[in-house]
Novice: 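I am attaching a structure below and will ask some questions about it afterwards.
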There are 2 protein chains.
Amino acid sequence: MKLSPTMQKYIVHWGEMGTRWGVNRTVAQIHALLFLANNPMTADEIMETLNVARSNVSNSLKELQSWGLVKVQHELGDRRDHFVALQDVWEIFRVITEERKKRELDPTLTVLRECAIEAETDTEIEAATREKMDQVLEFLEVLLSGYDDFKKLPPSTVIKLLKMGSKLGQLASLFGKEDV
Amino acid sequence: MKLSPTMQKYIVHWGEMGTRWGVNRTVAQIHALLFLANNPMTADEIMETLNVARSNVSNSLKELQSWGLVKVQHELGDRRDHFVALQDVWEIFRVITEERKKRELDPTLTVLRECAIEAETDTEIEAATREKMDQVLEFLEVLLSGYDDFKKLPPSTVIKLLKMGSKLGQLASLFGKEDV
DNA sequence: ATTTAATTTCTGTAATAACAGAAACAAAGG
DNA sequence: CCTTTGTTTCTGTTATTACAGAAATTAAAT
(Lines give C-alpha, C1' and ligand atoms only; values in the text may rest on other atoms or scores of the structure.)
Protein backbone atom coordinates (compact mmCIF):
# COMPACT_ATOMS: atom_id res chain seq x y z
CA MET A 1 0.00 0.00 0.00
CA LYS A 2 1.22 3.42 -0.91
CA LEU A 3 1.49 5.79 2.04
CA SER A 4 0.80 9.45 1.47
CA PRO A 5 3.20 11.80 3.30
CA THR A 6 0.54 12.65 5.85
CA MET A 7 -0.25 9.04 6.60
CA GLN A 8 3.44 8.34 6.94
CA LYS A 9 3.89 11.12 9.46
CA TYR A 10 0.82 9.95 11.33
CA ILE A 11 1.98 6.35 11.54
CA VAL A 12 5.53 7.21 12.52
CA HIS A 13 4.31 9.47 15.30
CA TRP A 14 1.90 6.86 16.55
CA GLY A 15 4.77 4.40 16.78
CA GLU A 16 6.71 6.97 18.76
CA MET A 17 3.79 7.46 21.11
CA GLY A 18 3.60 3.72 21.62
CA THR A 19 7.17 3.46 22.87
CA ARG A 20 6.52 6.20 25.40
CA TRP A 21 3.64 4.23 26.87
CA GLY A 22 5.31 0.86 26.89
CA VAL A 23 3.97 -0.38 23.58
CA ASN A 24 6.24 -1.85 20.94
CA ARG A 25 6.88 0.57 18.10
CA THR A 26 6.04 -1.82 15.28
CA VAL A 27 2.86 -2.93 17.00
CA ALA A 28 1.73 0.66 17.31
CA GLN A 29 2.66 1.45 13.71
CA ILE A 30 0.77 -1.52 12.34
CA HIS A 31 -2.19 -0.57 14.43
CA ALA A 32 -2.15 2.96 13.06
CA LEU A 33 -1.77 1.66 9.53
CA LEU A 34 -4.69 -0.73 9.79
CA PHE A 35 -6.79 1.94 11.44
CA LEU A 36 -6.19 4.38 8.62
CA ALA A 37 -6.50 1.75 5.89
CA ASN A 38 -9.88 1.52 4.25
CA ASN A 39 -9.46 -2.07 3.15
CA PRO A 40 -8.23 -5.22 4.82
CA MET A 41 -4.50 -5.80 4.39
CA THR A 42 -2.43 -8.95 4.19
CA ALA A 43 0.67 -9.43 6.29
CA ASP A 44 2.80 -9.08 3.17
CA GLU A 45 1.23 -5.77 2.26
CA ILE A 46 1.87 -4.49 5.77
CA MET A 47 5.45 -5.68 5.57
CA GLU A 48 6.07 -3.84 2.31
CA THR A 49 4.26 -0.72 3.43
CA LEU A 50 6.15 -0.32 6.69
CA ASN A 51 9.42 -1.98 5.68
CA VAL A 52 9.62 -4.40 8.56
CA ALA A 53 10.40 -8.09 8.57
CA ARG A 54 7.67 -10.57 7.88
CA SER A 55 8.11 -12.22 11.28
CA ASN A 56 7.83 -8.90 13.00
CA VAL A 57 4.53 -8.28 11.25
CA SER A 58 3.29 -11.71 12.20
CA ASN A 59 4.12 -11.30 15.89
CA SER A 60 2.77 -7.77 16.05
CA LEU A 61 -0.49 -8.84 14.45
CA LYS A 62 -0.81 -11.62 16.97
CA GLU A 63 -0.30 -9.08 19.72
CA LEU A 64 -2.91 -6.75 18.27
CA GLN A 65 -5.37 -9.60 17.93
CA SER A 66 -4.81 -10.58 21.55
CA TRP A 67 -5.76 -7.02 22.44
CA GLY A 68 -8.90 -7.35 20.34
CA LEU A 69 -7.89 -4.37 18.22
CA VAL A 70 -7.41 -6.29 14.99
CA LYS A 71 -9.42 -9.08 13.42
CA VAL A 72 -8.79 -11.53 10.60
CA GLN A 73 -10.97 -11.61 7.53
CA HIS A 74 -10.96 -13.91 4.56
CA GLU A 75 -11.74 -13.10 1.01
CA LEU A 76 -13.26 -15.40 -1.54
CA GLY A 77 -10.67 -17.33 -3.49
CA ASP A 78 -7.78 -16.06 -1.39
CA ARG A 79 -6.04 -18.23 1.17
CA ARG A 80 -4.25 -15.38 2.81
CA ASP A 81 -5.33 -13.74 6.05
CA HIS A 82 -6.59 -10.22 5.65
CA PHE A 83 -6.41 -7.94 8.66
CA VAL A 84 -8.74 -5.17 9.73
CA ALA A 85 -8.57 -2.89 12.75
CA LEU A 86 -11.42 -1.60 14.86
CA GLN A 87 -12.54 1.57 13.17
CA ASP A 88 -14.48 3.34 15.89
CA VAL A 89 -12.33 5.69 17.95
CA TRP A 90 -14.30 5.39 21.18
CA GLU A 91 -14.41 1.66 20.85
CA ILE A 92 -10.65 1.57 20.35
CA PHE A 93 -10.15 3.69 23.43
CA ARG A 94 -12.49 1.49 25.43
CA VAL A 95 -10.73 -1.69 24.36
CA ILE A 96 -7.27 -0.32 25.12
CA THR A 97 -8.15 1.03 28.56
CA GLU A 98 -10.02 -2.13 29.46
CA GLU A 99 -7.22 -4.40 28.34
CA ARG A 100 -4.60 -2.26 30.00
CA LYS A 101 -6.57 -2.30 33.22
CA LYS A 102 -6.88 -6.05 33.06
CA ARG A 103 -3.18 -6.56 32.35
CA GLU A 104 -1.62 -3.97 34.63
CA LEU A 105 -3.98 -2.30 37.06
CA ASP A 106 -5.80 -5.40 38.28
CA PRO A 107 -2.59 -7.32 39.08
CA THR A 108 -1.29 -4.23 40.86
CA LEU A 109 -4.45 -4.06 42.90
CA THR A 110 -3.90 -7.66 43.89
CA VAL A 111 -0.37 -6.95 45.05
CA LEU A 112 -1.43 -3.86 46.94
CA ARG A 113 -4.12 -5.83 48.74
CA GLU A 114 -1.59 -8.48 49.65
CA CYS A 115 0.70 -5.78 50.95
CA ALA A 116 -2.10 -4.24 53.00
CA ILE A 117 -2.74 -7.59 54.66
CA GLU A 118 0.92 -8.36 55.20
CA ALA A 119 1.47 -4.88 56.57
CA GLU A 120 -0.90 -5.61 59.45
CA THR A 121 1.38 -8.27 60.82
CA ASP A 122 4.64 -6.71 59.72
CA THR A 123 6.10 -5.47 62.98
CA GLU A 124 8.91 -3.53 61.34
CA ILE A 125 6.58 -1.26 59.45
CA GLU A 126 5.62 2.12 60.85
CA ALA A 127 1.98 3.09 61.28
CA ALA A 128 2.33 6.11 59.04
CA THR A 129 3.72 3.97 56.25
CA ARG A 130 0.89 1.50 56.59
CA GLU A 131 -1.60 4.33 56.32
CA LYS A 132 -0.05 5.56 53.13
CA MET A 133 -0.25 2.11 51.62
CA ASP A 134 -3.92 2.03 52.53
CA GLN A 135 -4.50 5.41 50.94
CA VAL A 136 -3.01 4.28 47.64
CA LEU A 137 -5.12 1.15 47.71
CA GLU A 138 -8.29 3.07 48.43
CA PHE A 139 -7.46 5.59 45.72
CA LEU A 140 -7.09 2.89 43.11
CA GLU A 141 -10.24 1.14 44.23
CA VAL A 142 -12.32 4.30 43.98
CA LEU A 143 -10.84 5.15 40.61
CA LEU A 144 -11.37 1.70 39.15
CA SER A 145 -14.89 1.25 40.42
CA GLY A 146 -15.71 4.68 39.01
CA TYR A 147 -14.23 3.59 35.72
CA ASP A 148 -16.32 0.43 35.80
CA ASP A 149 -19.45 2.56 36.10
CA PHE A 150 -18.56 4.94 33.33
CA LYS A 151 -17.46 2.36 30.84
CA LYS A 152 -21.00 1.03 30.69
CA LEU A 153 -22.31 4.34 29.42
CA PRO A 154 -22.64 4.99 25.71
CA PRO A 155 -19.95 7.32 24.32
CA SER A 156 -22.52 10.00 23.58
CA THR A 157 -23.33 10.18 27.29
CA VAL A 158 -19.68 10.28 28.27
CA ILE A 159 -19.13 13.10 25.81
CA LYS A 160 -21.99 15.01 27.40
CA LEU A 161 -20.50 14.49 30.84
CA LEU A 162 -17.09 15.60 29.65
CA LYS A 163 -18.57 18.71 28.09
CA MET A 164 -20.50 19.50 31.23
CA GLY A 165 -17.11 19.51 32.90
CA SER A 166 -16.79 21.81 35.85
CA LYS A 167 -20.52 22.49 35.94
CA LEU A 168 -20.83 18.92 37.08
CA GLY A 169 -18.35 19.68 39.81
CA GLN A 170 -20.54 22.46 41.18
CA LEU A 171 -23.45 20.08 41.17
CA ALA A 172 -21.52 17.46 43.07
CA SER A 173 -20.35 19.90 45.72
CA LEU A 174 -23.96 20.94 46.29
CA PHE A 175 -25.04 17.37 46.80
CA GLY A 176 -21.98 16.86 48.88
CA LYS A 177 -23.26 19.08 51.66
CA GLU A 178 -25.36 16.23 52.91
CA ASP A 179 -23.05 13.56 51.49
CA VAL A 180 -23.98 11.27 48.60
CA MET B 1 17.04 2.62 55.86
CA LYS B 2 15.87 -0.83 56.74
CA LEU B 3 13.11 -2.12 54.51
CA SER B 4 10.49 -4.37 56.01
CA PRO B 5 9.47 -7.31 53.78
CA THR B 6 6.19 -5.63 52.93
CA MET B 7 7.84 -2.37 51.94
CA GLN B 8 10.31 -4.28 49.84
CA LYS B 9 7.55 -6.08 47.97
CA TYR B 10 5.72 -2.80 47.51
CA ILE B 11 8.72 -0.99 46.12
CA VAL B 12 9.77 -3.81 43.82
CA HIS B 13 6.28 -4.04 42.40
CA TRP B 14 6.09 -0.32 41.91
CA GLY B 15 9.30 -0.47 39.92
CA GLU B 16 7.81 -3.23 37.81
CA MET B 17 4.72 -1.15 37.17
CA GLY B 18 6.90 1.75 36.11
CA THR B 19 8.59 -0.22 33.36
CA ARG B 20 5.20 -1.26 31.98
CA TRP B 21 4.19 2.37 31.65
CA GLY B 22 7.42 3.67 30.20
CA VAL B 23 9.00 4.81 33.47
CA ASN B 24 12.51 3.81 34.44
CA ARG B 25 12.52 1.09 37.08
CA THR B 26 14.92 2.82 39.46
CA VAL B 27 13.02 6.09 39.19
CA ALA B 28 9.81 4.34 40.12
CA GLN B 29 11.44 2.46 42.98
CA ILE B 30 12.96 5.58 44.46
CA HIS B 31 9.64 7.32 44.17
CA ALA B 32 7.91 4.49 46.02
CA LEU B 33 10.60 4.48 48.68
CA LEU B 34 10.38 8.19 49.32
CA PHE B 35 6.62 8.05 49.33
CA LEU B 36 6.60 5.35 51.98
CA ALA B 37 9.41 6.90 54.00
CA ASN B 38 8.32 9.02 56.91
CA ASN B 39 11.49 11.06 57.01
CA PRO B 40 13.57 12.83 54.39
CA MET B 41 16.33 10.65 52.98
CA THR B 42 19.77 11.45 51.62
CA ALA B 43 20.96 10.13 48.29
CA ASP B 44 23.36 7.82 50.10
CA GLU B 45 20.63 6.35 52.24
CA ILE B 46 18.56 5.68 49.13
CA MET B 47 21.54 4.09 47.45
CA GLU B 48 22.13 1.72 50.35
CA THR B 49 18.47 0.92 50.80
CA LEU B 50 17.84 0.01 47.18
CA ASN B 51 21.32 -1.22 46.27
CA VAL B 52 21.78 0.94 43.20
CA ALA B 53 24.71 3.05 42.12
CA ARG B 54 25.10 6.51 43.50
CA SER B 55 24.95 8.06 40.03
CA ASN B 56 21.76 6.21 39.30
CA VAL B 57 20.20 7.66 42.43
CA SER B 58 21.35 11.12 41.51
CA ASN B 59 19.90 10.98 38.02
CA SER B 60 16.68 9.42 39.15
CA LEU B 61 16.20 12.07 41.82
CA LYS B 62 16.77 14.75 39.24
CA GLU B 63 14.11 13.13 37.10
CA LEU B 64 11.66 12.96 39.99
CA GLN B 65 12.31 16.57 40.84
CA SER B 66 11.67 17.59 37.25
CA TRP B 67 8.31 15.88 37.57
CA GLY B 68 7.65 17.80 40.75
CA LEU B 69 7.18 14.60 42.71
CA VAL B 70 10.20 15.02 44.96
CA LYS B 71 11.62 18.05 46.72
CA VAL B 72 14.87 18.83 48.44
CA GLN B 73 15.05 19.73 52.09
CA HIS B 74 17.93 20.81 54.24
CA GLU B 75 18.54 20.06 57.85
CA LEU B 76 20.34 22.23 60.34
CA GLY B 77 24.04 21.50 60.46
CA ASP B 78 23.91 19.07 57.56
CA ARG B 79 25.26 19.93 54.15
CA ARG B 80 23.64 17.01 52.42
CA ASP B 81 20.45 17.20 50.41
CA HIS B 82 17.51 15.44 52.00
CA PHE B 83 14.75 14.29 49.72
CA VAL B 84 11.04 14.07 50.37
CA ALA B 85 8.25 12.93 48.09
CA LEU B 86 4.77 14.36 47.79
CA GLN B 87 2.73 12.52 50.37
CA ASP B 88 -0.82 13.09 49.20
CA VAL B 89 -2.06 10.37 46.88
CA TRP B 90 -4.48 12.54 44.91
CA GLU B 91 -1.88 15.21 44.53
CA ILE B 92 0.62 12.65 43.25
CA PHE B 93 -1.91 11.40 40.75
CA ARG B 94 -2.71 14.92 39.64
CA VAL B 95 0.95 15.80 39.17
CA ILE B 96 1.69 12.64 37.21
CA THR B 97 -1.27 12.95 34.85
CA GLU B 98 -0.65 16.64 34.33
CA GLU B 99 3.03 16.14 33.59
CA ARG B 100 2.37 13.16 31.39
CA LYS B 101 -0.20 15.14 29.46
CA LYS B 102 2.22 18.00 29.01
CA ARG B 103 5.03 15.73 27.84
CA GLU B 104 3.17 13.27 25.65
CA LEU B 105 -0.43 14.14 24.91
CA ASP B 106 0.05 17.80 24.08
CA PRO B 107 2.84 17.15 21.56
CA THR B 108 0.71 14.42 20.02
CA LEU B 109 -2.17 16.83 19.70
CA THR B 110 0.13 19.21 17.89
CA VAL B 111 1.20 16.54 15.42
CA LEU B 112 -2.37 15.41 14.85
CA ARG B 113 -3.43 18.98 14.12
CA GLU B 114 -0.58 19.33 11.66
CA CYS B 115 -1.66 16.11 10.00
CA ALA B 116 -5.25 17.28 9.80
CA ILE B 117 -4.12 20.43 8.00
CA GLU B 118 -1.72 18.60 5.72
CA ALA B 119 -4.37 16.02 4.95
CA GLU B 120 -6.55 18.68 3.38
CA THR B 121 -4.06 19.32 0.62
CA ASP B 122 -2.71 15.78 0.41
CA THR B 123 -4.18 14.53 -2.85
CA GLU B 124 -3.09 10.94 -2.31
CA ILE B 125 -5.14 10.53 0.82
CA GLU B 126 -8.61 9.02 0.71
CA ALA B 127 -11.57 10.86 2.15
CA ALA B 128 -12.39 8.05 4.56
CA THR B 129 -8.87 8.13 5.94
CA ARG B 130 -9.01 11.85 6.43
CA GLU B 131 -12.25 11.46 8.35
CA LYS B 132 -10.72 8.93 10.67
CA MET B 133 -7.84 11.24 11.40
CA ASP B 134 -10.33 13.95 12.23
CA GLN B 135 -12.22 11.64 14.55
CA VAL B 136 -9.10 10.82 16.53
CA LEU B 137 -8.26 14.48 16.80
CA GLU B 138 -11.72 15.39 17.99
CA PHE B 139 -11.71 12.53 20.46
CA LEU B 140 -8.49 13.70 22.04
CA GLU B 141 -9.64 17.29 22.15
CA VAL B 142 -12.87 16.41 23.95
CA LEU B 143 -11.04 14.16 26.36
CA LEU B 144 -8.37 16.69 27.21
CA SER B 145 -10.69 19.63 27.59
CA GLY B 146 -12.84 17.50 29.86
CA TYR B 147 -9.76 16.62 31.85
CA ASP B 148 -8.87 20.30 32.11
CA ASP B 149 -12.25 20.98 33.69
CA PHE B 150 -12.09 18.15 36.18
CA LYS B 151 -8.59 18.75 37.35
CA LYS B 152 -9.69 22.07 38.82
CA LEU B 153 -12.11 20.36 41.16
CA PRO B 154 -11.05 19.38 44.66
CA PRO B 155 -10.43 15.64 45.10
CA SER B 156 -13.42 15.33 47.42
CA THR B 157 -15.70 16.46 44.61
CA VAL B 158 -14.09 14.12 42.11
CA ILE B 159 -14.55 11.26 44.55
CA LYS B 160 -18.22 12.13 44.86
CA LEU B 161 -18.57 12.19 41.08
CA LEU B 162 -16.80 8.86 40.77
CA LYS B 163 -19.05 7.35 43.41
CA MET B 164 -22.13 8.71 41.72
CA GLY B 165 -20.93 6.76 38.72
CA SER B 166 -23.63 5.43 36.47
CA LYS B 167 -26.29 7.51 38.21
CA LEU B 168 -24.55 10.47 36.67
CA GLY B 169 -24.86 8.77 33.31
CA GLN B 170 -28.64 8.54 33.65
CA LEU B 171 -28.72 12.20 34.53
CA ALA B 172 -26.67 13.13 31.50
CA SER B 173 -28.84 11.13 29.13
CA LEU B 174 -31.88 12.96 30.48
CA PHE B 175 -30.33 16.34 29.88
CA GLY B 176 -29.14 15.06 26.56
CA LYS B 177 -32.64 14.87 25.17
CA GLU B 178 -32.53 18.60 24.55
CA ASP B 179 -28.72 18.72 24.26
CA VAL B 180 -26.44 20.38 26.80
C1' DA C 1 0.54 -37.81 -1.33
C1' DT C 2 3.04 -34.09 -2.93
C1' DT C 3 3.50 -29.53 -4.07
C1' DT C 4 2.68 -24.87 -3.10
C1' DA C 5 1.30 -21.08 -0.38
C1' DA C 6 0.91 -18.99 4.13
C1' DT C 7 2.12 -18.43 8.74
C1' DT C 8 4.68 -19.13 12.92
C1' DT C 9 8.62 -20.22 15.66
C1' DC C 10 13.40 -20.02 16.32
C1' DT C 11 18.02 -18.00 16.38
C1' DG C 12 21.30 -14.66 16.03
C1' DT C 13 22.16 -9.65 15.63
C1' DA C 14 21.43 -4.85 16.30
C1' DA C 15 19.62 -1.05 18.80
C1' DT C 16 18.30 0.84 22.99
C1' DA C 17 18.10 1.74 27.59
C1' DA C 18 19.75 0.99 32.29
C1' DC C 19 23.27 1.02 35.13
C1' DA C 20 27.91 0.97 37.81
C1' DG C 21 32.07 3.11 38.71
C1' DA C 22 35.27 6.66 37.91
C1' DA C 23 36.33 11.21 37.13
C1' DA C 24 35.12 15.91 37.34
C1' DC C 25 32.94 19.50 39.49
C1' DA C 26 30.92 22.53 43.22
C1' DA C 27 30.59 24.29 47.51
C1' DA C 28 31.15 24.77 52.38
C1' DG C 29 34.44 24.73 56.54
C1' DG C 30 38.36 25.29 58.39
C1' DC D 1 43.14 28.57 49.63
C1' DC D 2 43.09 23.97 50.56
C1' DT D 3 40.62 20.09 52.34
C1' DT D 4 36.55 17.68 52.93
C1' DT D 5 32.06 16.41 51.65
C1' DG D 6 28.53 16.12 48.52
C1' DT D 7 26.74 16.06 43.73
C1' DT D 8 26.83 15.64 38.81
C1' DT D 9 28.62 14.28 34.42
C1' DC D 10 31.00 11.05 31.68
C1' DT D 11 32.42 6.48 29.98
C1' DG D 12 32.19 1.81 29.42
C1' DT D 13 29.50 -2.43 30.44
C1' DT D 14 25.51 -5.13 30.93
C1' DA D 15 20.85 -6.31 30.20
C1' DT D 16 16.79 -5.88 27.68
C1' DT D 17 14.11 -5.46 23.93
C1' DA D 18 13.27 -5.19 19.03
C1' DC D 19 14.03 -7.04 14.99
C1' DA D 20 15.58 -9.57 10.50
C1' DG D 21 16.20 -13.77 8.19
C1' DA D 22 16.03 -18.62 8.10
C1' DA D 23 13.97 -22.79 9.29
C1' DA D 24 9.99 -25.25 10.54
C1' DT D 25 5.25 -25.96 10.63
C1' DT D 26 0.62 -25.92 9.03
C1' DA D 27 -2.83 -26.23 5.75
C1' DA D 28 -5.00 -26.01 1.36
C1' DA D 29 -5.01 -27.53 -3.61
C1' DT D 30 -3.82 -30.41 -7.16
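These numbers come from a predicted model, not from an experiment. Just so it is clear, the values below take in all heavy atoms, side chains as well, and ignore hydrogens, waters and symmetry mates. Reminder, nothing fancy here: chain letters follow the sequence lines and each chain counts from 1.
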Novice: What do the steps show when you test B:R103 against B:E99 for salt bridge (charged side-chain N to carboxylate O under 4.0 Å, His left out), and what is the final call?
Specialist: CA-CA 6 Å; B:R103 295 175 188 215; B:E99 204 66 21; 3.3 Å; yes

Novice: Taking only Lys NZ, Arg NE, NH1 and NH2, and the carboxylate oxygens of Asp or Glu, determine whether B:E114 and A:K9 approach each other closer than 4.0 Å.
Specialist: yes

Novice: Could you give the CZ-to-P distance, from A:R80 to C:dA6, as a whole number of Å?
Specialist: 6 Å

Novice: Hydrogens and angles aside, do A:Y147 and A:E98 bring a side-chain donor and acceptor to less than 3.5 Å of each other?
Specialist: yes

Novice: Would you call B:E141 and B:R113 a salt bridge, using N to O less than 4.0 angstrom?
Specialist: yes

Novice: For C:dT7, does either OP1 or OP2 sit under 4.0 Å from a side-chain N or O belonging to A:K62?
Specialist: no

Novice: Can B:E104 and B:R100 be counted as an ion pair, charged N to O under 4.0 angstrom?
Specialist: yes

Novice: For A:E75 and C:dA6, give me the distance from atom CD to atom P, rounded to whole Å.
Specialist: 13 Å

Novice: What does nucleotides 10-30 of chain D look like as a protein-contact string, B for base, S for sugar-phosphate only, - for none, at under 4.0 angstrom between heavy atoms?
Specialist: --------SSBB-----BS--

Novice: Starting from P on C:dA18, measure out to CG on B:L50 and report it in whole angstrom.
Specialist: 16 Å

Novice: C:dT8 P sits how many Å from A:D44 CG, rounded?
Specialist: 12 Å

Novice: Between C:dT8 atom P and A:E63 atom CD, what is the distance in whole Å?
Specialist: 14 Å

Novice: Between A:R80 and A:E75, is there a side-chain N and carboxylate O pair less than 4.0 Å apart?
Specialist: no

Novice: Tell me: CG of B:L61 to P of C:dA18, nearest whole Å?
Specialist: 16 Å

Novice: Distance check needed: D:dG6 P versus B:E45 CD, whole Å only.
Specialist: 11 Å

Novice: Just how far, in rounded Å, is P of C:dA28 from CG of B:D81?
Specialist: 11 Å

